[in-house]
Amino acid sequence: MKYDFVTTEKKWQEKWKQAGIFHAADHSDKPKFYGLVEFPYPSGAGMHVGHIKAYAGLEVISRKRRMQGYNVLFPIGFDAFGLPTENYAIKTGIHPRQVTDKNIARFSEQLGRVGFSFDWDRVVDTTEEKYYKWTQWIFLKMFENGLVFRDTALVNYCPHCKVVLSNEDSQGGKCDICDTEIVQKSKDVWYLRITKYADKLLEELDGLDYLPNVKMQQVNWIGRSTGAFVNFAVKGIDEKLRIYTTRPDTLFGVTFMVMAPEHPMLEKYRSCIKNADALDAYRDECAKKTEFERTQMNKNKTGVRVEGLCAINPVSGKEIPIYISDYVMMGYGTGAIMAVPAHDDRDYAFAKKFGIDIVEVIRGGDIEKEAYAGDGEMVNSEFLNGIKEKKIAIEKMVQVLEEKGVGEAGVQYKMKDWAFNRQRYWGEPIPIVHCPQCGMVPVPYSELPLKLPEMENFAPGEGGESPLAKVESFVNCSCPKCGGAAKRETDTMPQWAGSSWYFLRYIDPLNDACLADPEKLKYWLPVDWYNGGMEHVTRHLIYSRFWHRFLYDIGVVPTKEPYAKRTAQGLILGPDGQKMSKSRGNVVDPLNVVEEFGADTLRVYILFMGDYGAAAPWSESSMRGCKRFLDRVAGLAEKAQGNGVTKALEASFHKTIKKVTSDIEEMKFNTAIAAMMELINEIDKVGSITADEVKTLVAILCPFAPHLCEEIWESLGGEGFCSLAQWPAYDEAKTISDTVEIAVQLCGKLKAVVAMPAGASREEMAALAKADARVAAALEGKTIKKEIVVPGKIVNFVAV
RNA sequence: GCGGGCGUGGCGGAAUUGGCAGACGCGCCAGAUUUAGGAUCUGGUGGGCAUCCGUGCAGGUUCAAGUCCUGUCGCCCGUACCA
């Protein structure tokens, strides 16, 4: 039976809103559940089916939790600062505030039409002054605690967006926003000292219930390595050449040194260098290379010898030539390395090309052919000779280096400090004043929020300076410390600032005295379950864990970690199996689907498509199948007669409740829905059903298709809202049918399927199996050598 | 290179973790209904007429392998000269 989803969905969305049934109570005797989804960027394009999938998972879980008697916080908000809105504003001249408000209104309307059970009283918008006041507050706290610093450095810069990007924002050497090849540019940069939290972020990961690949990606991104710093004396100058190595045990195998082309010592000791011009030429050449070219250079190493400087091996006293090469980066370690060609691929390639000696110090490989990175006995290494274990050799060498005062154990991270300023308008102003007398002075807490000034032209300056620099009334101010004339910082914070703590604000969105009431934080934290995209694992997830941990360290939040559990949804691909994109023209608009097939169908289909964590292509005909399923459920309500239990369906019901209950917890929504489809196939076969049973069915289906279920629930005289009905219980004993189908095999090959009583013993099962005509025929003339009987599962005769 | 994941019908995908491979849905076929198309309903549907053969490929362990082991091929994601 087709039901009128347009009327039904509208009716229940209004009823839910009027009754306010999805509001979270701040304190309650019920157990609490905080389910979080990544809040959207309210783009002009409106909602995408990907949003629906991202939210539908925790939507089902949150709805189930409410029915299970939890006090549920399932909030939504908008991460609205950022470039797309600003670029739109530049193009159209419409203020980003207006653009943002319009987009948020549209998103809210669209989310409402899908019937998501968000608590709409707790909506946060990162661009509102009462919100970013606290973003700025956290920044000042970090400043106060020495986690903010300023440096002139080579940074990732996007020539198209005219903006500095963090490492996280320029993964793969491309701008995250416009995909333009990024270039290195020397600029004044504000950094957040996230590296100080590297170890803390790494350690706490262990105790968290994150998907294994999420954990792993974070571990790799933080990229902790242990090794040693070694200071090599350089003949003719006073300064030591400091390097970092993970293999101090190979120190006797060093046959050359390599510095990054931009290494500062080259400039400092230019007068000692005989071929400075050649080094300059090489450096300039490297600067021109794109990221792509650099990675292509993997095998074919380039470089130039530094004439006039020569390093001394601190343990052997040998003289070692120094080179510059772009396979050594200024941004990692010390910007210089000791090269051990016998035991490192890159050094090996370089040594071969430049005809440098290759000295074996670890046995086990063939250094004539390639570098050997494995374990083995130490040779040619004086006091290390004979040691077979890498760990012991490293310890011994580090000990010697420390005794001699030429080196020490050290740790390095791939993760860099977070470049935190953007030369853009639509972001949180950085609340710092530059005073000629006092230097960098924080804006007093009492003056927060430091508001974005009104302006007409939002375009960034050609030299890459912030648009705010043009607003004199904003720039010119008095120093909060000395009262003298001073200038405000004109850069704004990056997109990721507001989202680094939004989950805290949901807990107390209107508080004006603090970012959230400590008692409420204590009640709601940590987030019990956070679902989002894999693309945020090395950005938002790292950043927000960092901010949260900082807030914990200064006593603002009660938990070390913000999220107890983290899962991720897979992409929805276009019908052609390709990633949805405007240029491919394969984008499915969820609102069209809602209008044509209804929100319930959309929700059920998106969760039925396949494994929630995997990518799956959109298929409209497959979706029609889900519509048919819902229509059939609607039909059952009309057929229902009487109350109580239909004996023939009892086991099926208990089994289905059990499966749906546990599958939802494992995000196996596809099989949960399949189980309910099986159940209605079973009901059709039996041909009769009671009203009580339909009510049970719609209760477990309600988290998926809430509008239809409410309608049926009401029509059958259900009490209150189906959305708040008690989650059906199952009786384990009743999930077992009286008879079970047992496969009977002969030598592992299926011969028959025999119905047996559920509790049959091994002997009874073997006897019943032999009694089956087909089995008997197969056994004819054979001797049974072995009988394998697994109760409830299988009988297998080994016979010849 | 390195790290992780995945290969099952025409398609999306199931499989209680070693126990009837292909649940459920799509598509397809046949029938019903319909002026027709669409929609809906009913039945069938891995391959082969059959003894049988089937989870990328080749071996192995086992009474029993999609699942475990060894080797191999292919695809996807992340990362990228990290010293």
Side-chain angles (χ1 to χ4, degrees), chain A residues 1-2 171-173 212-217 219-221 223-225 227 243-247 250 258 260 291 294-299 301 325-329 331-340 343-347 349-350 412-416 534-535 537-538 570-571 573 577 604-605 608-611 613-629 631-632 635 658-659 662 668 670-681 684 741-754 785-790 792-799:
Chain A
M1 185 207 89
K2 287 193 195 175
Q171 295 181 31
N213 54 337
V214 170
K215 268 193 198 183
M216 210 190 49
Q217 271 192 39
V219 170
N220 290 344
W221 187 258
R224 182 190 151 103
S225 80
I243 62 98
Y244 174 74
T245 178
T246 54
R247 298 299 303 272
T250 61
V258 187
E291 203 74 18
R294 281 207 178 187
T295 54
Q296 289 303 296
M297 300 303 271
N298 250 330
K299 292 254 160 61
K301 297 280 182 281
S325 174
D326 67 349
Y327 84 90
V328 173
M329 309 289 149
Y332 184 79
T334 62
I337 61 156
M338 63 176 218
V340 186
H343 305 292
D344 181 283
D345 283 338
R346 296 151 301 171
D347 299 345
F350 192 90
Q412 282 290 302
Y413 303 92
K414 285 189 201 173
M415 187 168 72
K416 307 275 199 313
M534 283 305 292
E535 70 276 17
V537 169
T538 52
L571 288 177
L573 305 173
V604 170
Y605 172 60
F608 182 66
M609 290 174 86
D611 183 342
W618 184 268
S619 155
E620 187 172 308
S621 49
S622 231
M623 187 183 55
R624 284 175 200 279
C626 292
K627 173 86 165 75
R628 269 196 283 274
F629 164 62
D631 287 339
R632 287 176 70 193
K658 181 182 176 180
K659 181 145 183 70
S662 61
K668 288 163 77 173
N670 53 339
T671 50
I673 294 165
M676 292 184 277
M677 289 173 168
E678 273 183 85
L679 178 63
I680 68 160
N681 287 344
D684 273 355
E741 306 271 283
I742 299 293
V744 180
Q745 298 177 333
L746 178 59
C747 293
K749 302 226 187 263
L750 184 71
K751 290 298 162 194
V753 177
V754 182
K785 294 193 122 180
K786 202 171 174 186
E787 291 181 8
I788 292 128
V789 182
V790 183
K793 286 188 174 159
I794 203 158
V795 176
N796 188 12
F797 297 118
V798 184

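The model shown is predicted, which means the values in this text are computed figures rather than measured ones. Worth knowing before you read on, the calculation uses all heavy atoms, side chains too, and leaves out hydrogens, waters and symmetry mates. Just so we're on the same page: letters track the sequence lines, and every chain starts at 1.
Ion pair A:D684/A:R632 flagged as a salt bridge, since at least one NZ, NE, NH1 or NH2 atom sits closer than 4.0 Å to an Asp/Glu carboxylate oxygen.
Computed from coordinates, the A:Y605 OH to B:G25 P distance equals 15 Å when rounded to whole Å. Separating the CG atom of A:L750 from the C1' atom of B:A15 is a distance of 16 Å, rounded to the nearest angstrom. Atom pair A:K414:NZ and B:G78:C1' shows a separation of 11 Å (rounding to whole Å applied). Rounded to whole Å, the distance from CD1 on A:I680 to C1' on B:C41 is 13 Å.
Spacing of P atoms, B:A23 relative to B:C69, comes out at 28 Å, to the nearest Å. Here the separation of B:U45 from B:U51, taken at their P atoms, is 16 Å to the nearest Å.
Side-chain nitrogen and oxygen atoms of A:Y244 include none within less than 4.0 Å of the OP1 or OP2 phosphate oxygen of B:A83. OP1 or OP2 of B:A14 has at least one side-chain nitrogen or oxygen of A:N670 nearer than 4.0 Å. Taking 4.0 angstrom as the limit, A:K215 places none of its side-chain polar atoms (N or O) nearer than this to OP1 or OP2 of B:G78.
Which of B:C24, B:C81, B:C53 sits closest to the side chain of A:M329 comes down to B:C81. Checked against B:A23, B:G4, B:A83, the side chain of A:T671 finds its nearest nucleotide in B:A23. Distance from the side chain of A:Y327 is smallest for B:C81 among the nucleotides B:G19, B:C52, B:C81. Listed nucleotides: B:G12, B:C26, B:C63. Nearest to the side chain of A:S622: B:C26. Picking from B:A14, B:C81, B:A23 the nucleotide with the shortest atom distance to the side chain of A:E678 gives B:A23. Checked against B:C24, B:C63, B:U40, the side chain of A:R628 finds its nearest nucleotide in B:U40. The side chain of A:T245 sits closest to B:A83 out of B:C24, B:A83, B:G19.
Looking at every heavy atom in both residues, A:A339 comes nearest to A:D347 through CA-OD2, 3.2 Å.
Nucleic acid contact for A:E741: base, since at least one base atom lies under 4.0 Å from a heavy atom of the residue. Note on A:K668: only backbone sugar-phosphate atoms sit closer than 4.0 angstrom, heavy atoms only; bases stay farther off. Counting any heavy atom pair closer than 4.0 Å across all strands shown, A:N681 reaches sugar-phosphate atoms only and no base atom.
B:U40 adopts an anti glycosidic conformation, its chi angle falling more than 90° from 0.
In this model, no side-chain donor or acceptor of A:K793 finds a partner on the base of B:C20 within 3.5 Å.
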